[in-house]
Amino acid sequence: QPLVERGVAGRAGSVFEACDEDKKGYLSREDFKVAVVMLFGYKPSKVEVDSVMASVQQKNSGVLLEEFLKLMSTKKAAQLHHSEIRQIFTAFDMQYRGFLTLEDFKRAFNSIAPKLPERIIVEAFREVDQDSDGHVSFKEFESAMNYGQNEVSQLHFA
């Protein structure tokens, strides 16, 4: 089991216990919201909570520990992935403009793959610049970086 997962599971387990105040063995809707705040520092949206509550087995009154640990581990992995993409984008965006230009792409590719033909870099830029405005936003960059990944349910990360 990866170290990150063990860390998340340990912390999530403690949070689960703290939020399951009356030791009923599951987290109610309200308990779940508090647990997400404790683990991730934000209040989950109604859509996210509805999605989680609908996904737990009907016979349960809430989220069981095992389900909670799985959900939180997936959520943490997605958060780390998003953070890595943000770091790569920031490294490309040397002017701190919040978008990338073809020049930014050329500079980045030349430093990591100096023999890559310029036409390939231009093609890659055009592919990523979905709205063809000459700028690659973080959203476009993230979309390109996630292309082909198995799409994890977006509802859990709303």
Side-chain angles (χ1 to χ4, degrees), residues 1-16 18-19 27 29 31-56 63 66-158:
Q1 200 180 26
L3 197 57
V4 169
E5 273 185 38
R6 280 203 304 269
V8 170
R11 187 148 175 264
S14 304
V15 167
F16 183 95
C19 292
L27 298 182
R29 182 182 189 86
D31 297 338
F32 177 77
K33 286 197 250 181
V34 172
V36 171
V37 170
M38 288 173 73
L39 280 170
F40 293 96
Y42 78 92
K43 183 176 173 234
S45 68
K46 182 181 183 319
V47 172
E48 180 178 357
V49 177
D50 287 349
S51 162
V52 168
M53 298 316 283
S55 74
V56 298
V63 182
E66 189 180 333
E67 293 168 318
F68 181 73
L69 294 179
K70 267 191 222 146
L71 284 167
M72 295 305 105
S73 182
T74 302
K75 193 171 186 62
K76 186 66 183 171
Q79 189 183 48
L80 286 171
H81 181 69
H82 180 81
S83 175
E84 287 171 0
I85 292 173
R86 174 59 76 183
Q87 287 176 338
I88 295 166
F89 181 84
T90 303
F92 275 47
D93 182 16
M94 293 176 168
Q95 315 296 309
Y96 304 107
R97 291 175 299 222
F99 61 83
L100 305 176
T101 63
L102 178 57
E103 290 311 308
D104 294 325
F105 255 60
K106 286 179 185 175
R107 201 175 304 110
F109 277 102
N110 284 331
S111 69
I112 54 173
K115 295 198 182 344
L116 195 66
E118 186 170 326
R119 68 179 173 71
I120 301 291
I121 299 169
V122 172
E123 275 177 40
F125 182 81
R126 286 191 184 133
E127 191 73 31
V128 177
D129 181 17
Q130 294 166 350
D131 61 4
S132 304
D133 66 353
H135 298 128
V136 171
S137 67
F138 176 70
K139 195 168 181 62
E140 288 172 322
F141 186 79
E142 184 178 37
S143 175
M145 294 291 283
N146 287 329
Y147 183 79
Q149 297 278 341
N150 294 343
E151 285 302 316
V152 183
S153 170
Q154 290 304 306
L155 291 176
H156 294 305
F157 312 104

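For the numbers below, each heavy atom of this structure counts, side chains included, while hydrogens, waters and symmetry mates do not.
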Would you mind checking if E123 and R126 are paired as a salt bridge, meaning a charged N to carboxylate O distance below 4.0 Å? no
Nearest heavy-atom pair of K43 and V37: which atoms, and what distance? CA-CG2, 3.7 Å
Applying side chain to side chain contact (heavy atoms under 4.5 Å, CB included) to I121 and N110, what does each step give before you reach the verdict? CA-CA 9 Å; I121 299 169; N110 284 331; 4.2 Å; yes
Please lay out, stage by stage, how M72 and V15 fare under the test side chain to side chain contact (heavy atoms under 4.5 Å, CB included). CA-CA 11 Å; M72 295 305 105; V15 167; over 6 Å; no
Let me confirm one number: the CG-CD distance from L39 to Q79, rounded to the nearest 0.5 Å. 9.5 Å
Crowding at CZ, R107 (>12 non-hydrogen neighbours, <6.0 Å): yes
Gap separating the CD1 atom of I85 from the OG1 atom of T90, nearest 0.5 angstrom: 11.5 Å
Would you name the heavy atoms of V34 and C19 that are closest together and state the gap between them? CG1-SG, 3.8 Å
Can you give me the closest heavy-atom contact between L27 and F32, atom names plus distance? CB-N, 4.0 Å
Specify whether H135 and F99 have parallel, tilted or perpendicular ring planes, treating 30° as the upper limit for parallel and 60° as the lower limit for perpendicular. tilted
Under the rule for side-chain hydrogen bond (donor to acceptor under 3.5 Å, both in side chains), what residues qualify as partners of R86, not counting sequence neighbours? none
Verify, without hydrogens or angle tests, whether Q130 (side chain) and K139 (backbone) share a donor-acceptor contact under 3.5 angstrom. no
Test item: side-chain donor near acceptor, D104 and T101, under 3.5 Å: yes
For E142, does its backbone N or O pair with a side-chain atom of N146 as donor and acceptor, under 3.5 Å? yes
Which atom pair, heavy atoms only, marks the closest approach of A144 to V128? CB-CG2, 3.7 Å
To check you understand the geometry: which heavy-atom pair defines the closest contact between F68 and A35, and what is its length? CZ-CB, 3.6 Å
Check whether any side-chain N or O of T74 sits under 3.5 Å from a backbone N or O of K70 as a donor-acceptor pair, and report yes or no. yes
How far apart are the closest heavy atoms of R11 and M38, and which atoms are they? NH2-O, 3.1 Å
A108: partners by side chain to side chain contact (heavy atoms under 4.5 Å, CB included), with sequence neighbours left out: F92
Parallel, tilted or perpendicular for F89 and F138, by the 30°/60° rule? perpendicular
If you define the side chain from C-beta out and look only at heavy atoms, does anything of D93 sit under 4.5 Å from F141? no
Heavy atoms of other groups near R119 CZ, more than 12 under 6.0 Å: no
Kindly indicate whether the side chain of V63, heavy atoms from C-beta on, has any atom under 4.5 Å from the side chain of M53. yes
Quick one: are K75 and L71 in side-chain contact, heavy atoms under 4.5 Å? no
